[in-house]
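Beneath this line is the structure, given in structure tokens, with notes to follow.
Below, chains carry the letters A, B, ... as their sequence lines are ordered, and counting in each starts from 1. Computed over heavy atoms, backbone and side chain alike; hydrogens, waters and symmetry mates excluded.
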Amino acid sequence: MSCKMWLGSIGVGMLSVVLAGCGGGQGGSGGDGSGISVEGSDTMVNLAQAWAEEYESRRPEVKVEVQGGGSGIGIASLIDGVCDMANASREMKAEEKELVKENHEGKEALMHVVGYDALAIYVQKDNPLDSISIEQLAEIYGDGATITTWSQLGVSDDSPLAGKEIAAVGRQNSSGTYAYFREAVLGKNREFRAGVAKMSGSKDVVANITKTPGAIGYSGMGYVTDGVKMLAISPKKGEPAVAPTLENAMNATYPITRPLMIYTIGEPEGEVKAYLDWILSEDGQKIVVDKGYVPLGDK
Amino acid sequence: MRRLLQIGMDRAEPAVEWTIRLCGWSAILFVFAIFVFVFSEGVPIFFGTEQIAKVASDGPYNDLVFRAASSTDEFDGAEIVFRKRPGEPVGLTHDAAGGKVTIDYDPGVSTAQDVVAAAEANEKFTASMTVFADPADVPAEGGKPRNDGGGLIAPNEDVTAMTPKPILSLGDFFGSKHWRPTSYYNPQYGILTLLIGTASVTVLAMVLAVPLGLGAAVYVSEFCNGKWKETLKVVIELLAAIPSVVWGFVGIMVLSPIILSLTNASSGINLLNGGIILALMSVPIIVSVGEDALKAVPDSYREAAISMGANRWEVVYRVLFPAAKNGLLAAVLLGVGRAIGETMAVLMATGHADIIPHSLVDPVCTLTATIAAELGEAPKGGDHYRVLFVIGILLFVIAMFVNLVADLAVKGIRGKQNA
């Protein structure tokens with residue numbers, strides 16, 4: 001008898017520990033004044049972390065907790081009320097907006113553009129190619145692709161790449177980067193061709209290209225490393241190519257630049273508002289530049 | 001003192017017994033809960049429908065397809081009505097009560113492209129358009145190239161009502177090679193390439209792992225003695241303890257440059273790379289289960305064979321293999337199970353590109369890797385999300401089948417030994 005009671009009390013104890021754990025988790029992320037929790041886009045995670053660190057060093061009493069995972073995960077967390085801000089490199093879908101309204105008493109999700117990301121076209125450092133046009137990219141990545149070898153891009157015959165197949169590298173089909181690239185380069189009516197490597201992260205794209213001489217790929221400009229180089233891009237065949245630089249992205253001559261967004265539920269209040277205002281301020285935007293993204297500017 | 005301890009243990013016995021029961025039942029409960037969860041997330045897709053209407057129009061043989069953006073039955077049977085409005089831009093309105101979708105257009109001016117744009121501006125619809133140079137090119141259904149194009153709309157009698165169509169049909173699921181779950185206009189959920197990807201990488205892994213694994217099992221069990229045998233067993237089992245992320249990394253950092261330098265491959269992470277990595281991951285399982293199976297063959301068999309004048313190889317080939325064949329089959333099948341179910345390493349090492357491989361150095365995309373890469377960002381409760389769970393159900397079925405066969409094979413050995 002006493003043994004059963006003993007066991008029972010252990011059970012109750014464990015249950016209470018579990019419950020306390022859950023309660024603690026919810027309290028910490030509910031935006032109770034001292035903590036802000038940010039979740040979402042893989043493209044933005046470096047930037048979001050840099051913002052959080054800098055903000056915490058200025059206002060140590062505020063804890064900003066940043067998690068990556070992807071735009072979809074951030075938005076899902078926002079819907080579930082687990083985070084205060086969702087980083088997103090794509091716009092919310094209609095059904096996601098509906099879910100926000102359903103779960104938050106009719107409050108709408110609000111979009112705040114906090115910077116821009118220029119998608120760079122990467123090749124390996126030793127690649128002889130320096131520029132490429134949007135049409136050529138579409139013929140490399142699009143359904144029914146006509147450009148499959150490096151020779152077709154004008155690589156000279158004495159290069160080791162001559163006659164070699166182009167290894168097209170991209171992102172997995174649920175990523176915001178994938179959706180943006182499709183819209184900007186292929187157009188809404190065209191699909192990607194089969195056989196584009198679908199990497200799971202911005203960094204993975206660059207890492208893959210570093211290891212593969214015949215690879216080409218797209219990823220955020222901020223992910224550049226020593227092993228790769230970024231190609232200049234001409235908006236149309238024959239037009240001069242635009243180098244992937246901060247100035248060109250800011251004055252909108254660089255053709256593949258997309259907005260980076262933070263979603264909140266309704267108008268942000270209290271600490272979340274203060275944090276968002278700081279992100280949009282000159283100090284916050286300086287970090288955008290430091291991390292290789294494009295600041296808001298006067299665009 | 002010992003007596004006291006004995007009393008204490010007697011007292012604790014019911015508690016221990018209950019703890020064990022609790023563990024057993026909670027394990028069963030968890031497995032059951034996971035089943036229920038995966039099925040409840042995946043199965044609704046089979047009951048979901050989307051509303052589609054086809055509108056044929058004049059000009060360069062346009063084929064406009066309207067699609068309701070949300071899977072509600074609001075549009076079931078809704079009629080599509082064209083209304084001439086000279087001098088006005090194309091407009092699209094939906095009258096839910098009257099069951100009508102009205103398209104206002106300017107005759108001779110409005111193009112099919114304008115209708116697509118109007119549908120896009122309306123949150124409830126998406127529309128896609130295919131333009132063919134020749135009416136003979138218009139395919140019967142599905143698998144069409146999508147081009148931009150103009151063409152005046154001159155609606156004729158071919159306008160159909162919005163008709164519900166299942167989002168996922170089993171035929172398309174298994175038979176189509178287009179895995180385009182996030183397409184803007186026309187999501188397609190065909191897993192043929194993924195199935196072939198999983199099958200090809202598994203077969204390659206087994207071609208490499210079975211001779212290696214069984215060879216190692218025979219070597220450890222029959223040709224080794226004493227300390228050497230124990231050391232080998234420990235080392236091989238250590239292989240099984242390496243996390244799959246590390247294997248994937250080995251594939252990218254070590255194997256990939258080797259493959260690139262030895263072959264004419266365009267990318268070093270491909271079918272061959274994934275197959276080798278999976279083979280190395282399956283070998284420890286095949287070795288340890290295979291070695292157990294060989295150990296289970298009574299020594300009298302070996303002694304009898306040797307006394308007949310058989311040499312070592314003949315003992316293995318003529319006596320041990322037939323006697324232990326069920327156990328060895330189970331070892332291979334467990335290796336197969338490992339190869340099919342592996343996720344992280346194949347995601348990293350296979351190149352993860354959805355084509356049907358034509359050579360060893362083509363990249364492949366597997367079922368498990370697809371779930372791993374896409375589930376995180378798929379909108380919860382959406383069609384894409386549900387289809388990924390259906391793939392999960394399929395993997396359950398495959399794993400169950402492989403385990404069942406392995407189980408029956410092992411039971412086969414026991415039956416024989418008892419006889």
Where does [X] contact chain B at under 4.5 Å (heavy atoms): side chain, backbone, both or neither?
X        : value
A:Glu96  : side chain
A:Ile75  : neither
A:Phe192 : backbone
A:Asn208 : side chain
A:Ser71  : both

Decide side chain to side chain contact (heavy atoms under 4.5 Å, CB included) for B:Arg180 and A:Asp143; before the verdict, give the C-alpha distance in whole Å, the side-chain angles of both, and the deciding distance to 0.1 Å. CA-CA 11 Å; B:Arg180 287 167 177 162; A:Asp143 202 9; 3.0 Å; yes

So, taking the atom named [atom1] in [X] and the one named [atom2] in [Y], what distance separates them when rounded to the nearest 0.5 Å?
X        : Y        : atom1 : atom2 : result
B:Asn270 : A:Thr212 : CG    : OG1   : 9.5 Å
B:Thr370 : A:Gln172 : OG1   : CD    : 10.5 Å
A:Glu191 : B:Gln188 : CD    : CD    : 7.0 Å
A:Arg193 : B:Ile355 : CZ    : CD1   : 7.5 Å
B:Ser267 : A:Glu165 : OG    : CD    : 10.5 Å
B:Thr182 : A:Arg90  : OG1   : CZ    : 10.0 Å

Would a distance-only check, ignoring hydrogens and angles, find a side-chain to backbone donor-acceptor pair under 3.5 Å from A:Lys198 to B:Gly351? no

Are any of the side-chain heavy atoms of B:His384 and A:Asn173 separated by less than 4.5 Å? yes

Side chain, backbone, both or neither: which part of [X] has a non-hydrogen atom closer than 4.5 Å to chain A?
X        : result
B:Leu347 : side chain
B:Ala369 : neither
B:Asp362 : neither
B:Ile269 : side chain

Should we count CD of A:Glu91 as having more than 12 external heavy atoms under 6.0 Å? no

Hey, is CD on A:Gln152 packed in by over 12 heavy atoms from elsewhere, all under 6.0 Å? yes

Select, from A:Ala167, A:Gly69, A:Ala197, the one with the greatest count of heavy-atom pairs under 4.5 Å involving chain B. A:Ala197

Closest non-hydrogen atom pair between [X] and [Y], with its separation:
X        : Y        : value
A:Lys211 : B:Ile252 : CD-O, 4.0 Å
B:Asp354 : A:Gly195 : OD1-N, 3.3 Å
B:Asn264 : A:Lys164 : OD1-CE, 3.6 Å

